[in-house]
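Quick notes on the structure that follows.
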Amino acid sequence: MTTALSLREVRKDFGPAKIIQGVSLEIAQGERHAIIGPNGAGKSTLFNLISGLYRPTAGDIRLRGQSIAGIRPYRINRMGLSRSFQVSNIFSNMSVRENVRCGVLWSMGQGYSFWRNIGNLKLVQEKTAHILDSVGLIDKADSPAALLPYADQRTLEIAITIAGGADVILLDEPTAGMSHSETDRAIALIQKATAGKTLLIVEHDMGVVFGLSDRISVLVYGEIIATGAPEEIRGDPRVKEAYLGDEAELPEAVA
Amino acid sequence: MSDQTQNPGLIDLAPTSAQKFTTRLLPLILFAAVLLIIPLLGPSRTAYSLLNAIGINIVFALSYNMLLGQTGLLSFGHAVYFGLGAYAAMHGMNAIEAASFDGGTWALMPVFALPVLGFAGGALAGAVIGWPSCRNAGVPFAMISLGIAELIAAAGFMFVSIFGGEEGISADRMNGIEAFGLSLGPISEVYWFIVFWTLIGVVGMYAFTRTPLGKMGQAVRDNPERVQFVGYDPQRVRYLVFIASGGFAGLAGGMSAVNYEIITPESLSLLPSGFVLLMAYIGGIRYFAGPLLGAIVLTWMQSNLSDFSEAWLLYLGLMFIAIVMYAPGGLFGMVLGFARGIIQPDAAPRLTRWGALSAAAMVTFAGVILLTEVAVSRTSGHVFAPGGLPLPPSSPLSWALGLALLIGGGWAIRHLSQRFAS
Amino acid sequence: METIAFALLNGLIYGLLLFMLSSGLTLIFSMMGVLNFAHASFYMLGAYFAFTLGNFTGFWVALFLAPILVGLAGAAVERWGLRPVHANGHVAELLFTFGLAYVIEEIVKITWGKVAVPYQVPSALDFPLFELFGSQYPAYRIFMLLISILMLVGLWYLLKRTRIGLIIQAALTHPHMVSHLGHNVPRIFMLVFAAGCALAGLAGVIGGNYLVTEPSMAFAIGPIVFVVVVVGGMGSLEGAFIASLLIGFLQTFAISIDANFADFFGWLGLQATSEVGRITIASLAPMLPFLLLVLMLMLRPRGLMGEREF
Ligand SMILES: Nc1ncnc2c1ncn2[C@@H]1O[C@H](COP(=O)(O)OP(=O)(O)O)[C@@H](O)[C@H]1O
Ligand SMILES: [Mg+2]
């Protein structure tokens, strides 16, 4: 088993506020790993650290053994790690197709080229169309991203994230604010799009979490209080106490 | 790719070649056709010189919009690249002249090709100045561009051997090899030179918007943060676009060098930088063709209204403010909106609405013009007499009429827009 | 010694005048995010209003009335110009003020003519106050100094000792917080914009007759005011104060240095007859603020005392 992503004693302070307080985590190649925890626990901050938006105050982050702590986000992305955002972060004045194409370009070796007509790049067009089709946005390809309904914007967020073909994918609350049926569709899409890849996902819907993940980590006040398979987490008294409170019931195993 | 077999026909969802033809190639062909037909109408010398100025400004304004409209960079110093390109071409022109007497490699360079030198000069200046400027968009970029423009303009007046001091430097374009059999002596021959390079500039900059770099520029404009997470460095994207934009500004500068045969350090300063901003914005920065339209309209205004009225800069400023406030799509956005409005089914009521509003706006603007011209006539001595009706500044009636139009028109706009909104 | 004393005094006066101009802009920029391109145009309006009013009322009444009029003009611009544009973002606001600067200059040209108007130092202050190293020092400059110090004290009192001052201070560093506290943000914006313009107007009233009152005066000083705000740093009046004095001293000292590049870099073999060697330090004075601006934005984008980046 090779390790895709490993965090060692990662810390992040914002001034006096210690938001991430020594997180260590090993995620295997091909693993689906969920991070759960109350609001403000530092889940998004952890994603920002891994993806390079923030520089860790201390500790080390490794992608396939190579240290990525403090490296600029675009370099980390080129190394095969891609992330989505909790609040949709798309190119709002461009069309849906152009949005996805932005995600595709680098991985197709286009770089900063200014001597090629993007319309003639057959492989880029095909890959873009393929991704649009697989996420179900193909018939909205030409509408401006800003005019998409909310659930479609969330889908587009995922589409941009997976477009570059990264094999480590970080999704930050991909189903936040979606209805039940929309959530089901989004999860099916995530299952399909990340098949065979390493997935790190922050998710509030416990049904989704327990159904999707191989392992779960519980983050509370910037510390991981438990990591393990879904059954272990379900049985862990500390988790019940710290995170789920007394009234919450962990769902039975979801098929 | 295997995807293609799985999803046959997906690629067809991209614009068809017929669509591409009507939206991309056709406007260009029409534009070129107009440029080719104009000389058949036998334009006067003044018309030619206006047309040449328009061609130069079209390239300049489009190059400005590579920054503002396409990449979201607001520059107050774009004339620096225009001016440095012009200086490069001007020195080239003098070298060609010298070489025509005593030989040398410059003798191989036709004056016709000097805009290439302008492009190189502008791009080089962009490459030197660009990197630290492009770290951020927004206010820091705008301020750096302003500071650099002030510095370069001041340096322009300081280094006389390069920039020629107050008088600038001049050259003679009728030297060296003749390209396409054009001596470039008469202005009608310069016209063909301008047409050639205008088309090169327009096609080049349009093509740029369709390249991966151009598209990533638009992405950086929309959301620089997200760009980092699809593998691109926003600073590098801005920088590369900046160089290209400097190059095309320099191309326009090179055209101007050949057309006017003189360039002064004034052309590096904030004033022409402000003018190109006005051309691009008034034309419409959201559309590729917007600045093109803006360049035509503003160059025309500059050469015609400035003879007609001392206050034309005031009208220009008011027009700019009106567009910033009420029509961010610029003139091109208005034209486009109007064209779309006609095609759509319920055209009649919409047209009445627009007609009423434009009439009210016209009345307001007439009031502004009347007041302004009466005010101007206090010092100029020429009594303003629209349609033969003299309006002397000494008569309170002149002012009352202006105010009445202004207030009446303003009220009508308010009233109409409220009624149409409900 | 003599040169240094004069340069110090003149630099101080120029710096304080710059601060009067830029304090309003810093307030507006930090709170509203609007880098008001037309700020120096209000300075110009101050000078012209004082000139015209002064013809009827004399200088002293104009000294009070003109800034108030300029403040009212500022309030009107904020209410009917900037506020509707606000929804279109900061670039649109910046462009609006850019257009406004053009328009104000043209209106001034049409109303008062294209050449300088004879706006003069009041005769009551038109005498040499004291003698310094054998040269006489005009009383009016000391008057400018006094007015600037009065304004400084007034501004300090307003910001530190009054309720509205506390709100403004909070808004300087945390503009989003103020609305959460239930204050009428648009009204505060209008007030600050008007007050900032009035301060610029005051600078015009006392500076216009000391320098020249002409239509190009706004575009001449406007970019320098930007330099002060950027170098001082976002949200920091203290920074603007330091930057104003810095630029004031820098420029007056540079002008008073009688040397050229060859004197400084002669050891590098630079000849006094060469083009670069002939450049005098004094001729660099107008460029210095912009050099400072560019260097500051490249090396320390938050400015001297900025709380945050732009
Ligand atoms: N850039 C920042 N500066 C200061 N505090 C921050 C910053 N980013 C996040 N925080 C703080 O870190 C804490 C964790 O935030 P976040 O990671 O978004 O939580 P979660 O995603 O788990 O809900 C919050 O209290 C938030 O206020
Ligand atoms: Mg979060």
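All chains are named by letter (A, B, ...) in the order of the sequence lines, taking the proteins before the strands, and each is independently numbered beginning at 1. On a predicted model such as this, the values are computed, not experimentally measured, just so you know.
- Using a 4.5 Å cut-off between heavy atoms, B:R221 contacts chain A through its side chain alone, with no backbone atom that close.
- Using a 4.5 Å cut-off between heavy atoms, A:L121 touches chain B through its side chain atoms alone.
- Here the side chains of A:Y112 and B:V237 are in contact, with some heavy-atom distance below 4.5 Å.
- In this structure, CE on A:M94 lies 4.5 Å from CD on B:Q218, to the nearest 0.5 angstrom.
- For the atom pair NZ (B:K215) and CZ (A:F91), the distance works out to 12.5 Å, reported to the nearest 0.5 Å.
- Using a 4.5 Å cut-off between heavy atoms, B:V227 touches chain A through backbone and side chain atoms alike.
- Counting heavy-atom pairs under 4.5 Å between each of A:I118, A:N117, A:L81 and chain B puts A:I118 at the top.
- Under a cut-off of 6.0 angstrom, the local environment of CZ in B:R236 is sparse, with at most 12 non-hydrogen atoms contributed by other residues, nucleotides or ligands.
- When atom types are taken as modelled, the side chain of B:D222 and the backbone of A:N93 share a donor-acceptor pair closer than 3.5 angstrom.
- At a 4.5 Å heavy-atom cutoff, A:R75 makes no contact with chain B through either its backbone or its side chain.
- Around atom OH of B:Y326, no more than 12 heavy atoms belonging to other residues, nucleotides or ligands sit under 6.0 Å away.
- Interface residue B:F229: backbone and side-chain heavy atoms are both found under 4.5 Å from chain A.
- With a threshold of 4.5 angstrom between heavy atoms, A:S51 approaches chain B through its backbone and through its side chain.
- With a threshold of 4.5 angstrom between heavy atoms, B:A219 approaches chain A through its backbone and through its side chain.
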task = Using the side-chain contact (heavy atoms from CB on, under 4.5 Å) rule, take B:Q228 and A:L53 through it: C-alpha gap first, then chi angles, then the decisive distance, then the call.
result = CA-CA 9 Å; B:Q228 297 184 283; A:L53 195 61; 4.3 Å; yes
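- A distance-only check finds a donor-acceptor pair linking the side chain of B:N223 to the backbone of A:I90 [under 3.5 Å].
- Interface summary for chain B: among A:A163, A:S82, A:G111, the most heavy-atom pairs under 4.5 angstrom belong to A:G111.
- The nearest pair of heavy atoms linking B:P212 to A:Q110 is CG-OE1, 3.9 Å.
- Nearest heavy-atom pair, B:T211 versus A:W115, reported as atom, atom and distance to 0.1 Å: CG2-N, 4.4 Å.
- Other residues, nucleotides and ligands contribute more than 12 heavy atoms inside 6.0 Å of the CD atom of B:Q344.
- Side chains of A:T161 and B:R226: a donor on one and an acceptor on the other come within 3.5 Å.
- A heavy-atom distance below 4.5 Å is found between the side chains of A:F85 and B:E225.
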Show your reasoning for whether side-chain contact (heavy atoms from CB on, under 4.5 Å) applies to A:I160 and B:V230.
CA-CA 8 Å; A:I160 298 172; B:V230 294; 3.7 Å; yes
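- Atoms CG and CG, on B:L213 and A:L105 in that order, are 10.5 Å from each other to the nearest 0.5 Å.
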